[in-house]
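So the structure is just underneath, and the comments pick up after that.
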Amino acid sequence: MRFVFKTSYDADINWFKHKYQAFWYVLLLAIMLAAPLFIGSYFIGEFALVLIFSVAAMGLMLLTGHTGLPSLGHAAFMAMGCFANVLMLNAGIPWLIAFPLSGIIAGLAGTLIMLPVLRLHGVYLALATLALSILIADIVVLAEPWTGGVAGMIVPPISLFGQEIDRFGTPFLFYYVCLAVTVLVVMLYRNLLRSPLGRSFLAIRDSEVSAQAMGIHLAQTKARSLFLSATFAGLAGALFGHSAGYVNSETFDLVLSINLLIMIVIGGLGFMHGAFLGAVVYTVIPLALAIFRTFLQTAFDININIPGMEAGIFAGILIIMLLFEPMGLYGVWLKLRTYFELFPFYRKDMFKRQKSYLKTERVQ
Amino acid sequence: MDFLQLVISGLANGCVYGLIALGFVMIYKATEAVNFAQGDFMMFGAFICLGLTNTAHLGLNFWLAVPIAIATMGALGYAVDRTVIRQMFGQSQVAIVILTIALGFILRFAAGTIWSHEPVSLETPFAGQSITFGGVVLGVNEILIIVVTVILTVLLYFFFSRTRLGVAMQAASQNQLAAYYMGIPVKRIQSLVWALSGALAAIAGILFAAKGAIEPNVGLLGIKAFAAAAIGGFGSLPGALVGGLIIGVVEQVTSRYGITGLSQIAPYALLLLVLIVRPGGLFSQTQKKKV
């Protein structure tokens with residue numbers, strides 16, 4: 001175990017705890033930058049998709065994992081970002097302006113819509129966001145002049161510095177665009193968590209009453225968290241539109257919202273890393289299943305094609321995760337790391353929550 | 001007359017929503033967990049009955065298949081609580097919400113694999129029959145739904161107020177610790193509540209399947225039942241039924257008189273409205289939380 005001797009306040013708020021930690025993250029970034037050298041254009045597209053889902057999952061993580069407000073409506077924010085982006089691109093606004101603006105529009109619209117229900121707690125909030133998530137498909141159909149309704153609309157390619165970037169024409173450039181957006185969002189998120197605002201999110205998650213007692217304005221802070229969360233989701237939605245090339249009223253449905261929530265739980269609720277791990281699992285499962293299916297077909301001539309199998313397996317993994325590893329995949333890694341750092345002094349109950357109690361809304 | 005027919009049809013739908021809502025309000029009251037899979041429980045119960053009855057599958061007698069389906073779903077509810085939900089005790093509500101959503105996915109996957117994804121309808125002895133009553137044509141199945149719901153409501157009322165087990169369930173839901181001190185086996189009571197709501201879901205499912213075709217994704221109907229429960233106030237059993245009836249009638253009336261697309265939106269818009277104006281629902285039971 002590496003102990004950091006803190007000689008200044010900066011040690012508490014630095015980006016990295018020590019330079020070895022910094023080394024690993026720089027190495028990861030270098031690998032991600034060099035990835036197009038080693039893998040083909042099909043897998044680079046999947047890599048880009050992982051990054052897009054990571055950005056969306058980070059948006060949900062900020063709201064659910066760090067502020068403690070569950071949301072089943074994040075696909076709605078993604079839809080807002082996506083349609084805003086396409087409309088602005090079609091109006092001739094350059095991508096460099098339209099893209100960030102689409103995130104901000106999704107953030108503002110999401111905050112305005114959700115403001116009345118933000119005072120709800122737990123289950124009620126989940127329900128209200130669920131209703132929003134179902135309504136969005138109908139709203140997209142009703143707003144046909146702007147969104148194309150059921151028929152949908154084609155997403156124009158990104159044009160950046162005179163270069164046309166398109167998921168199919170130039171997959172490697174598209175991957176770099178996704179990577180750049182992801183890195184920027186990660187930096188913003190990480191900085192946010194070190195700031196007073198980020199700390200107040202955590203305070204609200206752990207106890208609203210004590211947060212209020214410490215002078216945190218609940219409604220305002222929750223609204224800010226929602227704005228940032230919806231902005232991230234909107235940016236991810238805009239990128240997702242570019243990746244799909246074509247969007248309609250069914251692209252951003254309830255299932256996507258639920259999958260985002262499942263993603264952050266599998267990854268590890270309350271950890272930024274969890275958003276990435278969840279997105280990786282979510283993208284890898286259908287790929288692995290497809291490969292396994294072709295293997296069965298070619299090697300043993302067995303043809304299994306059960307619709308809904310991906311969702312079933314994803315849900316099964318989630319249940320196993322929740323029962324045996326509530327901290328998610330990142331929790332597994334934390335435990336492993338601690339085991340080796342403390343070897344041979346690791347104890348079984350090291351990560352056990354000291355006190356577990358049911359947060360009830362009723363007066364007992 | 002036209003309007004009356006519309007309202008009765010709406011009431012019949014509303015009864016199904018109300019029965020599903022009743023199931024998860026019961027679970028919520030007893031265990032503070034919200035079962036997002038209740039709609040899928042309903043779907044699965046309906047499919048079990050269908051698999052036993054329909055000539056394409058086993059072809060048993062309808063009146064034999066119904067109790068088997070209800071008992072099976074009761075057992076499933078008990079097993080789910082015993083094996084999965086009880087391990088989650090003490091964790092945040094969000095975790096249980098996500099867990100039950102995942103359970104719903106698995107049930108949908110299982111139903112689709114066993115009974116295919118095609119919409120099928122339940123072969124009942126009274127399918128297609130109707131009664132003309134004072135100029136109003138009523139389907140037997142619609143009347144049956146309403147009658148069964150009324151009977152169930154009365155039975156549940158007496159169960160909760162008169163029987164030993166019902167009173168124990170009430171006690172466990174009001175204060176778990178005090179109930180435990182009184183010698184009530186709270187854990188087993190909670191599993192029994194899950195079993196009861198599983199059985200209720202099966203009844204709702206059979207009634208629903210008698211009215212129209214079902215397919216694995218019909219469990220999404222549970223979301224409408226959620227709207228019903230939330231409109232009624234989450235902790236109130238009569239509220240759940242009333243909420244269900246309101247949703248059912250509003251849906252039918254808006255589909256007849258409103259613009260196209262309104263009837264799909266109406267239940268959720270109503271839900272959002274109630275949550276904004278009266279966050280505790282119409283029959284509110286929650287109070288300001290203490291530290």
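Because the structure is a prediction, the values reported are computed rather than measured. So that the names make sense, note that chain A is the first sequence line, chain B the second, and so on, each numbered from 1.
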- Approximate separation, where rounding is to 0.5 Å, of A:I134 CD1 and B:Y268 OH: 4.0 Å

- Message: Just verifying a value: how many Å separate B:F105 CZ and A:I262 CD1, rounded to the nearest 0.5 Å?
- Response: 5.0 Å

Would you say that more than 12 heavy atoms from the other residues, nucleotides or ligands in this model lie under 6.0 Å from the [atom1] of [X], or not?
X      : atom1 : value
B:R188 : CZ    : no
A:K335 : NZ    : yes
B:F160 : CZ    : yes

Engaged part of [X] at the chain B interface, taking heavy atoms whose separation is under 4.5 Å:
X      : result
A:L72  : side chain
A:I313 : neither
A:L322 : both
A:I319 : both

Is [X] in contact with chain A via its backbone, its side chain, both, or neither, using a 4.5 Å heavy-atom distance?
X      : answer
B:L271 : side chain
B:I101 : side chain
B:L103 : both

- Query: Under 4.5 Å between any side-chain heavy atoms of A:L318 and B:L99, yes or no?
  - Reply: no

- Message: Let's test your reading of the structure: which of B:I98, B:V34, B:V97 forms the most heavy-atom pairs below 4.5 Å with chain A?
- Response: B:I98

- Message: If I compare all heavy atoms of A:A315 with all of B:A102, which pair ends up nearest, and what's the gap?
- Response: CB-O, 3.4 Å

- Smallest separation among heavy atoms of A:A126 and B:F36, with atom names: CB-CZ, 4.5 Å

